[in-house]
Amino acid sequence: MEKIELREPISANQTNDLAVNQVAETHHHKDEVGAKIGMWLFLFTELLLFGGLFLLYMAYRLQYTNDFIIAGQELNLVMGTVNTIILLTSSLTMALSIAAIQRGKKNLSILFLISTILFALAFLVIKYFEWTEKFHHGIAPNAPELLSKPNGEIIFFGMYYSMTGLHALHVVIGLIVLSFMLFFLLRNRINENDYIKLENSGLYWHLVDLIWIFLFPLFYLIH
Amino acid sequence: MEQGQKPHLITYGTYVLVWLSLISLTLLTVTISGVDYGRIALFIALVIAFVKSVLVVSYFMHIKFDEAIFKFFILVALVTLASIFILTSTDIFFR
Amino acid sequence: MNSNFAMMNNYLTYKSKPGILSWLLSTDHKRIGLLYLVSMVVFFWVAVTLGFLMKLEMLTPGKTIVDAQTYNTLFTLHGMIMIFLFIIPGIPAVFGNFFLPIQIGAHDVAFPRLNLLSWYLYIIGGLFAIVSLFLQGGPIDTGWTFYVPYSIRTTTNVILPLLGAFILGFSSILTGINFITTVHRLRAPGMTFFRMPLFVWALYATAWIQVVATPVVGITIVMVIVERVFHVGIFDPALGGDPILFQHLFWIYSHPAVYIMILPAMGVVSEIIPTFARRTIFGYKVIAFSSLSIALIGYFVWAHHMFTSGMSDTSRMVFSLLTFLVAVPSGVKVFNWVATLYKGSIELRAPLIYVMMFIFLFSIGGLTGLVLGSLSTDIHVTDTYFVVAHFHYVMFGGTAIILFAGLHYWFPKMFGKMYNEKVAIWATPLIFIGFNMLYFTMFILGYLGMPRRYWSYLPEYQTLHIISTVGSWILVAGLVLMFGNLIHALLKGKPAETNPWGGVTLEWTVPSPPPVENFEKIPVVENGPYDFSTINGETNGKN
Amino acid sequence: MWQAATDYAKSVDNVMLYIIAISVTLLLIVTVAMIYFVVKYQRKKHPVAKQIEGNKVLEVVWILVPVALVLSMFFYSYDVFKIGRKVPPNAITVKVQAKMWAWKFTYENGKTTDTLFIPLGRPIKFLITSVDVNHSFYIPAFRIKEDAVPGRENYMVVEPKEIGSFDIACAEYCGLNHSLMYSKAYVVPENEFSQWLNGEVDDNFLRKYVASHTGGYKDYLTGSYAILFAKGCVQCHSLDERKSIGPSFEALGRGIANVSFMGRDTSINIDKNYIRESILYPDLHIVRGYEKIRMPYSTNLLKEEELSYIVDLLYTNFVKSKQ
Ligand code: HEA
Ligand code: HEA
Ligand code: CUA
Ligand SMILES: [Cu+2]
């Protein structure tokens, strides 16, 4: 039983790949790689969450190819494209915001973060108009007008509302998270030496963008 | 980022370049969708989407410059996702 | 070990906040483990009572004690609680939380606050399910599988328990994220991957399943709720939806989930056997990799629950083949465990007896899994009592028995008290006999064609049902004896030593009960996990 | 109970035997070895353990041997499975429609029944669907089962090789009366079957035919009680004093029933009208001591003449005979 001795901590190169040279005193020290691993794992769960819906989409698109094409025409391509560009741009400003804080440029970072938030809002506003317009035309879940269409089209809009709805929910969550980050930035809780929070929020935001990159062709570009 | 080691910094310019490519790819895919490529239209659109997502993941999410472990993780997640798609296909494509 | 340090900081007595808050707000992984243990035992007790009532109902054809609707809610709640609140969090949440950091030489898990959040989510999820019992509409009656379209048609309270299950899934995901990160970041110096105890390996593999499988059921559950509330038509055949797709999505999670249940148990077995055989485990790497391959292949077999659902024949063939393959790594483990007993120096103590019982019962459960994986036989026995028998053998005979084994193995460490080992051993024959009477009869019933989820049955099945019900009484007696003994020990037990069994993994180097931050100084590891050569003396052993 | 009434069913039993034989062998090897080692190497007798870290050859063996075994199981089983999925060209089609909580069978000429009649020795293709929730069409004696899923038509094939009557059960949970969703499958020679299909003979003729070929507990079936079995009545109402889900038929002999009628407790004289009402509107009078549950085999399941027949039967054999 004496095989494990208690010794002074040994130097880092004696440890294996990722194990931190962890000793009692450094216990409370921030482990940034650890935090990032945690964040990525969380992103995978998000990916698989949407994965389930994409799977359903694949099955139904195969089953109802023609209905999907017809129903797809009803979506507004211009709004979809504009929203794609907005979201991509917000991703850019997000990345730039992190790049700025890495270089210690706090004000620039704040500026970029605010623009990200504004872009996110713009995305939601457009989404709102898109949905309400559909609703006015009677294309809403369980609305008699939609129910009178063929099954494939009902399913198309079912998928459309579920997937873009879930995505929009993620945008809203992202918005809240980013607002907190803004607050932290202003309070200097995020700074040149400690910006892992902002980085992780950025990762989340890019994932939201990533999902949209696939949603866009699957719903708006059907022909 | 082990202690003392500086993180890899990506220049503003790179980000803007990536963004420009993303926008062009978006416009490309929208334009193409106007042309009728029949059955492979979906395939083309997905390939473009895939290229876009690789750009986002590599640069915006700077996986390209992160430790190997992260790349391995992503591989695990993608393999998982791919396998549920492929295995479900054995049902829906053969009904 | 500096005993002063230990005496002052015992994690049970340590007070950081006033009163109960020092538990409810504690981020100490050991305290969280105990929070889970207590809440889980409570839920288990509820579900066991439901199971017991079901068996009473089965005494006679037709109504014995409850009517059909009540019976339907009984098995639904029994299944839901057992699966989502007892056996899935089960070993990882209790022993994983408690021992994973200690076994790899860390002070805590990577995200202690997230860990506490997981527990709160667990409780909230459980409360959702319980609250739904008392609302208008009555308790959920869909079976734990929530198959559509029944789950979107029934008028009982479906949404709340589904939300509960969703939240529980979240809790499980967070635990998984925590464990993976902990294993990657917080191993003590010298603790390479191949020096980790096999329990840690098992938890690591499990955590991956938790992370990549749980979201799929999460979205499925959400879609059922959306379907009920908004009638979007995703699953509803009346609107063009496909109920079979629901089954795919459900089992994409719920099959891997059965490996979430069993893998940690297998890890515990790999800890207990070497300790009592005083020898290194046979084929360490093979066992470690078999955990990973179970996790991996286990992801590819889900549709074996759907052989009669009407999916394509191609699919049936592929999934049957893959199912057979997933049995192999489990077999490898069983063989390696038995081989570990070979030329050991074996002391037959209570935990080992439970482990032996496990090997026997789990093998029966697993081998009958082959009957279910085989296409032609499954078509006959699917959705009969044969399946019910199979999963009680693997879940109860497998995981729950190992939960008991783990309790007996780590009890002295966790609570610093020793239980009466004679009583613990005396409970085992009761459990064993009761268990087999209760569930083996179900294999026969199933092959004779008695479908599951039946409130009433044809009179010719009655004899077997009576035997089974009597078995449940014997089993209850055994379990009450066992739990009673442990509770008695908790109150009146003698103090336990640091290392009562002669184990060599890290948890046996810290005092019983462990101090708050586990280690005064993080240990440096220089050997594999089951190195008994020093205990046995220098000259002997190693070949 | 233990019937195997098709060749396919016998093959399934063989697959089962094959898997079980291998399983029992492996289980015995594992268990015996485990107990033997625990006894042989107990610490008293064997104080110092030998530290064996592994053995490559052995480990490879016990990976490869199980792989071989399970592959053999797979192929054997799959071979048998394929038989059950192949639709022979001479197969006749029977449509099976499930709904909460009854079965409806439609034959090629449009005739419909709630009890299944099929010809001996002819392959039958069942096309299975549902109108509400999932059910599963299960005939244990044939070892076959296939879900009835709304919006889809699943199929399965059977080639009965034995005259007899076999239970049909619902094997997918479908709500309240899932466990009462039983029916019967009667296998009769082709000749009799086509006579019946063309309306030359009636259901009862076939039932009697089957009963006379099987005997035993089916004694009832030779007599006039056959219909009570065919329609599933006896699932819940016993012919003797035994209390079951519903009141026993024997209890009709008391001549007076204590019931709750529209929420009030009263006694009521048992006559033909009472019996008829109880079948048509099961909720109307609830006999004291019983639950109000929906009787599955009621209203739309009985044709008018069947209803009259049952009412007469019950009245004559249980009520009048006691007076
Ligand atoms: C702890 C949980 C657990 C575990 C570990 C398993 C393990 C296995 N299960 Fe089980 N299963 C369930 C829980 C579990 N199952 C549940 C809950 C259900 C029903 C759900 C519901 O419908 O409500 C179910 C249902 C179920 C079905 C669907 C039945 C149906 O509805 O028709 C199938 C079909 O293939 C199956 C197969 C298997 C197989 C092949 C294994 C294998 O992993 C077993 C491997 C183990 C062994 C094989 C034994 C040890 C090996 C040896 C001693 C020697 C080696 C020998 C050889 C390989 C030949 N299970
Ligand atoms: C871990 C999982 C688990 C466990 C342990 C059990 C335990 C039991 N199960 Fe379980 N069962 C399931 C999981 C489990 N079950 C699932 C998932 C289903 C499917 C549900 C569905 O179809 O949707 C199911 C379905 C199911 C059915 C089938 C219902 C049907 O299809 O009609 C039956 C039938 O009798 C049954 C019986 C029992 C019994 C009698 C017990 C008994 O509990 C065993 C007897 C043991 C005791 C009674 C313990 C007594 C102990 C104490 C009193 C402890 C005291 C403790 C302290 C003081 C701390 N169960
Ligand atoms: Cu119909 Cu169960
Ligand atoms: Cu499974």
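Each chain gets a letter, A, B and so on, in the order its sequence line appears, and its residues count up from 1.
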> Would the A/Phe216 and A/His167 ring centres measure less than 6.0 Å apart?
Replying inline: no
>> Do C/His29 and C/Ile102 have side chains that approach each other closer than 4.5 Å (heavy atoms only, starting at C-beta)?
In response: yes
> Hey, is the main chain of C/Val224 close enough, under 3.5 Å, to the side chain of C/Arg228 for a donor-acceptor pair?
Replying inline: no
> Checking C/Phe111 against chain A: side chain, backbone, both or neither under 4.5 Å from a heavy atom?
Replying inline: side chain
> Parallel, tilted or perpendicular for A/Phe219 and A/Tyr57, by the 30°/60° rule?
Replying inline: perpendicular
>> Using 30° and 60° as the class boundaries, would you call the ring planes of C/Trp201 and C/Tyr204 parallel, tilted or perpendicular?
In response: perpendicular
> With respect to chain A, which residue among C/Ile219, C/Val217, C/Thr220 yields the maximal number of heavy-atom pairs within a distance under 4.5 Å?
Replying inline: C/Ile219
> Under 4.5 Å, heavy atom to heavy atom, which residues of residues 168-178 of chain C contact chain A?
Replying inline: C/Phe170, C/Ile173, C/Ile177
>> Using the side chain to side chain contact (heavy atoms under 4.5 Å, CB included) definition, which of the options A/Asp31, A/Asn200, A/Leu41 pairs with A/Lys36?
In response: A/Asn200
> Under 3.5 Å, side chain of C/His248 to main-chain N/O of C/Ile244, donor-acceptor pair present?
Replying inline: no
>> Using modelled atom types and a 3.5 Å cut-off, is there a donor and acceptor pairing between side-chain atoms of A/Glu74 and backbone atoms of A/Ile70?
In response: no
> Non-hydrogen atoms of chain A under 4.5 Å away: do they reach the side chain of C/Leu239, the backbone, both or neither?
Replying inline: both
> Do you know which of A/Tyr60, A/Phe42, A/Phe157 has the most heavy-atom pairs under 4.5 Å to chain C?
Replying inline: A/Tyr60
> Are any side-chain N or O atoms of A/Lys134 and backbone N or O atoms of A/Ala140, one a donor and one an acceptor, separated by less than 3.5 Å?
Replying inline: no
>> Which residues in residues 144-151 of chain A have any heavy atom closer than 4.5 Å to a heavy atom of chain C?
In response: A/Leu147, A/Asn151
>> I need the residue from A/Leu47, A/Leu55, A/Thr45, A/Leu56 with the largest number of non-hydrogen atom pairs under 4.5 Å to chain C.
In response: A/Thr45
> Do any N or O atoms from the side chain of C/Arg195 and from the backbone of C/Gly190 form a donor-acceptor pair under 3.5 angstrom?
Replying inline: yes
> Can any side-chain N or O of A/Thr132 pair as donor or acceptor with the backbone N or O of A/Phe129 at less than 3.5 Å?
Replying inline: yes
>> For the interface with chain A, which of C/Val232, C/Thr181, C/Leu114, C/Ile180 has the highest count of heavy-atom pairs at distances below 4.5 Å?
In response: C/Thr181
>> For the backbone of C/Val212 and the side chain of C/Tyr299, can you confirm whether one donor and one acceptor N or O come within less than 3.5 Å of each other?
In response: yes
> Checking heavy atoms, do the side chain of A/Tyr64, its backbone, both or neither come under 4.5 Å from chain C?
Replying inline: side chain
>> Under a 3.5 Å distance rule, please check whether C/His107 uses its side chain to pair with a backbone N or O of C/Asn518 as donor and acceptor.
In response: no
>> I need the residue from C/Ile234, C/Thr182, C/Leu245 with the largest number of non-hydrogen atom pairs under 4.5 Å to chain A.
In response: C/Ile234
> Contact part of C/Ile252 toward chain A, heavy-atom cut-off under 4.5 Å: side chain, backbone, both or neither?
Replying inline: side chain
> Between C/Gly241, C/Ala110, C/Ala213, which shows the greatest number of heavy-atom pairs under 4.5 Å with chain A?
Replying inline: C/Gly241
> chain A heavy atoms under 4.5 Å from C/Ala238: which part of the residue, side chain, backbone, both or neither?
Replying inline: backbone
> Where the side chain of C/Glu227 meets the backbone of C/Gly233, is there a donor-acceptor pair that is under 3.5 Å apart?
Replying inline: yes
> Aromatic rings A/Trp131 and A/Tyr161: how do their planes relate, parallel, tilted or perpendicular, breaks at 30° and 60°?
Replying inline: perpendicular
